[in-house]
Number of protein chains: 4
Amino acid sequence: MEPIKVAGITFRLDATKPFYEQIVAQVCGALARGELGLEERMPSVRELAQLLKVNPNTVMRAYQDLERSGLLVTYRGQGTFTTNKPEPVERIRRELAHGAVQDLVGVMRQLGLSREQTMTLIQEVDWE
Amino acid sequence: MEPIKVAGITFRLDATKPFYEQIVAQVCGALARGELGLEERMPSVRELAQLLKVNPNTVMRAYQDLERSGLLVTYRGQGTFTTNKPEPVERIRRELAHGAVQDLVGVMRQLGLSREQTMTLIQEVDWE
Amino acid sequence: MEPIKVAGITFRLDATKPFYEQIVAQVCGALARGELGLEERMPSVRELAQLLKVNPNTVMRAYQDLERSGLLVTYRGQGTFTTNKPEPVERIRRELAHGAVQDLVGVMRQLGLSREQTMTLIQEVDWE
Amino acid sequence: MEPIKVAGITFRLDATKPFYEQIVAQVCGALARGELGLEERMPSVRELAQLLKVNPNTVMRAYQDLERSGLLVTYRGQGTFTTNKPEPVERIRRELAHGAVQDLVGVMRQLGLSREQTMTLIQEVDWE
DNA sequence: GTGGTCTAGACCACA
DNA sequence: GTGGTCTAGACCACG
């Protein structure tokens, strides 16, 4: 519903997609856009769960996914931090962008639309 | 899986999404591209199930979804046919294209990419 | 689609309900309205099937239902005729009307509508 | 069967129509009559299946139909709830009432009965 | 715990 | 032959 800001990240959850995926995506986005810096402390699992009104297991799963991607690291007893290296951020950013483009191209080709027709549709859509 | 062609439709199922959704998408695509004409007979539920090596219930669910969208009609005891009206096909085509563009824009904005950067990525990708 | 007239009966079949039910209903209707008289010869199964472009089995089933209701009688080698007694016609007419009213009342009560509200709705609908 | 009450809904299943349609109709009715409120939790698929002594798939199909009509919403892992908006309820209510009246009028006209004769029949029938 | 997908196989209504 | 309903039971994703 209404956005929730914490530690430079703006979270906005809706029921149309899995919560943990949305958390992953929004942390990725904040890192990719530079709103969330490197080596910054993340809210704790329980803290974030409370803020977002979701089950702690859900946040846990999101953090685990993000660790697997190299975007977060957990220091035992210290908490969870964003990576100190820019490479994983860049890599994930490229992967996500590429995947999204591939998904679009898949649908458009299935519908028999050309690249030009697709570009026109993207020109017409509101961006901001 | 290797693609299976029947009645102008090419089916290719994988395990990443529900089978019935993939069947729906591929029938939609065949109609949208004109490879599957209006008022044509669809393979029977049992026949397609056997060809795709899935359960008849799975095919039936896909056919029922397509009927709800107005793309298929069934005549009692006669079988299932594509609609004789072009409007539903055009409508679905537009809906799918619009949805795919919206999904892309959502991801790109989240990553902080501009419309121009997105267009460049689309220019770079192989289309056919 | 377009109505087909034969022996005082007007047939109009659509795909939304079973063909045999529609044939039964339309023969009943023709009798109830007096458009089809008593002791009249019905078209043969094969003849009617051809006219209505349906399977002869479908017409057969309709005739059997009508025989069971006492509206038709078959004389071997002579063909099928409407009953020579007015009672079955009146009885069926009452049964059908009563059944239709019961169906309506069932739905209206389920929706929590009163008899008065129902009467108002019926007043508003086009009759002819 | 004897009626089964749960969460403000009274279920009564018989063999004359598909179970899932009867479940749909009875949930619609409970919503339309206000016996089932907005934003209320529905019994879980498995729970209702057990109560009604039907297969969970049958209940699920009913719930999915109701979701498509906008009467129910499901939250991942949380369960199924009635909508928080009154509009879909009103819309369905009108659609069902209108359809039932149309069905009645169709039969009555086929039997050659006038609006007045029909009104008389409705006056005579028990309502509660 | 929740709903969702899928299978295997039975039985029915309709043409 | 066609589609449609239902069951029993498995497995998965999500919270």
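Each chain gets a letter, A, B and so on, in the order its sequence line appears, and its residues count up from 1. Everything quoted here is computed from the prediction, not taken from an experiment.
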> So, Thr74(C) and Thr80(C): side-chain donor and acceptor under 3.5 Å apart, yes or no?
Replying inline: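 Yes, side-chain donor-acceptor contact under 3.5 Å.
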Nearest-Å distance for atom pair [atom1]/[atom2], residues [X] and [N]:
X: Gln78(D); N: dG3(E); atom1: CD; atom2: P; answer: 10 Å
X: Arg76(B); N: dG3(F); atom1: CZ; atom2: P; answer: 13 Å
X: Asp14(A); N: dC14(F); atom1: CG; atom2: C1'; answer: 15 Å
X: Lys17(D); N: dT5(F); atom1: NZ; atom2: P; answer: 13 Å
X: Phe19(D); N: dT5(F); atom1: CZ; atom2: P; answer: 12 Å
X: Tyr20(B); N: dG4(F); atom1: OH; atom2: P; answer: 17 Å
X: Glu67(D); N: dT2(E); atom1: CD; atom2: P; answer: 16 Å
X: Asp65(B); N: dC6(E); atom1: CG; atom2: P; answer: 11 Å

> In terms of the nearest nucleotide of DNA chain E, which residue is placed more toward the 5' end: Glu21(B) or Gly77(D)?
Replying inline: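 Nearest-nucleotide comparison on DNA chain E picks Gly77(D).
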>> Here's a test of your reading of the structure: between Gln22(B) and Pro18(C), which maps to the more 5' nucleotide of DNA chain E?
In response: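 This one resolves to Gln22(B).
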> Out of Leu48(A), Val54(A), Leu51(A), which residue meets the side-chain contact (heavy atoms from CB on, under 4.5 Å) rule with Phe11(A)?
Replying inline: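 Checked Leu48(A), Val54(A), Leu51(A) against Phe11(A); only one passes side-chain contact (heavy atoms from CB on, under 4.5 Å): Leu48(A).
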> Within the pair Thr80(B) and dG3(F), is there a side-chain N or O less than 4.0 Å away from OP1 or OP2?
Replying inline: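 Answer is yes, contact under 4.0 Å.
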> Under 4.0 Å between a side-chain N or O of Tyr75(D) and OP1 or OP2 of dG15(F)?
Replying inline: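 So the side-chain polar atoms of Tyr75(D) never come under 4.0 Å of the phosphate oxygens OP1 or OP2 of dG15(F).
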> Should dT5(F) form a Watson-Crick or G-U wobble pair with both distances under 3.5 Å, which nucleotide is its partner?
Replying inline: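 By the stated definition (distances under 3.5 Å), dA10(E) pairs with dT5(F).
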> Met42(A) versus Phe81(A): any side-chain heavy-atom pair under 4.5 Å?
Replying inline: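 They are not in contact (no side-chain heavy atoms under 4.5 Å apart), so the answer is no.
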>> When you compare the side chain of Leu71(D) with that of Thr82(D), does any pair of heavy atoms fall below 4.5 Å?
In response: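 Contact flag for Thr82(D)/Leu71(D) side chains = no.
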> Near DNA chain E, which residues from residues 46-64 of chain D have a heavy atom under 4.0 Å away?
Replying inline: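 Here the set is Arg46(D), Asn57(D), Met60(D), Gln64(D).
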>> Heavy atoms from C-beta onward define the side chain here; which of dT2(F), dG15(F), dC14(E) lies closest to that of Ser44(B)?
In response: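 Per side-chain heavy atoms of Ser44(B), the pick is dT2(F).
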>> Would you compute the distance between atom OG1 of Thr83(B) and atom CD of Glu67(B) and round it to the nearest 0.5 angstrom?
In response: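 These two atoms lie 10.5 Å from each other.
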> Checking Gln26(B) side chain against Arg12(B) main chain: does a donor-acceptor pair fall under 3.5 Å?
Replying inline: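 At least one qualifying donor-acceptor pair exists.
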> Does Arg41(B) use its side chain to pair, donor to acceptor, with the backbone of Gln78(B) at less than 3.5 Å?
Replying inline: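 Looks like yes, one N/O pair under 3.5 Å.
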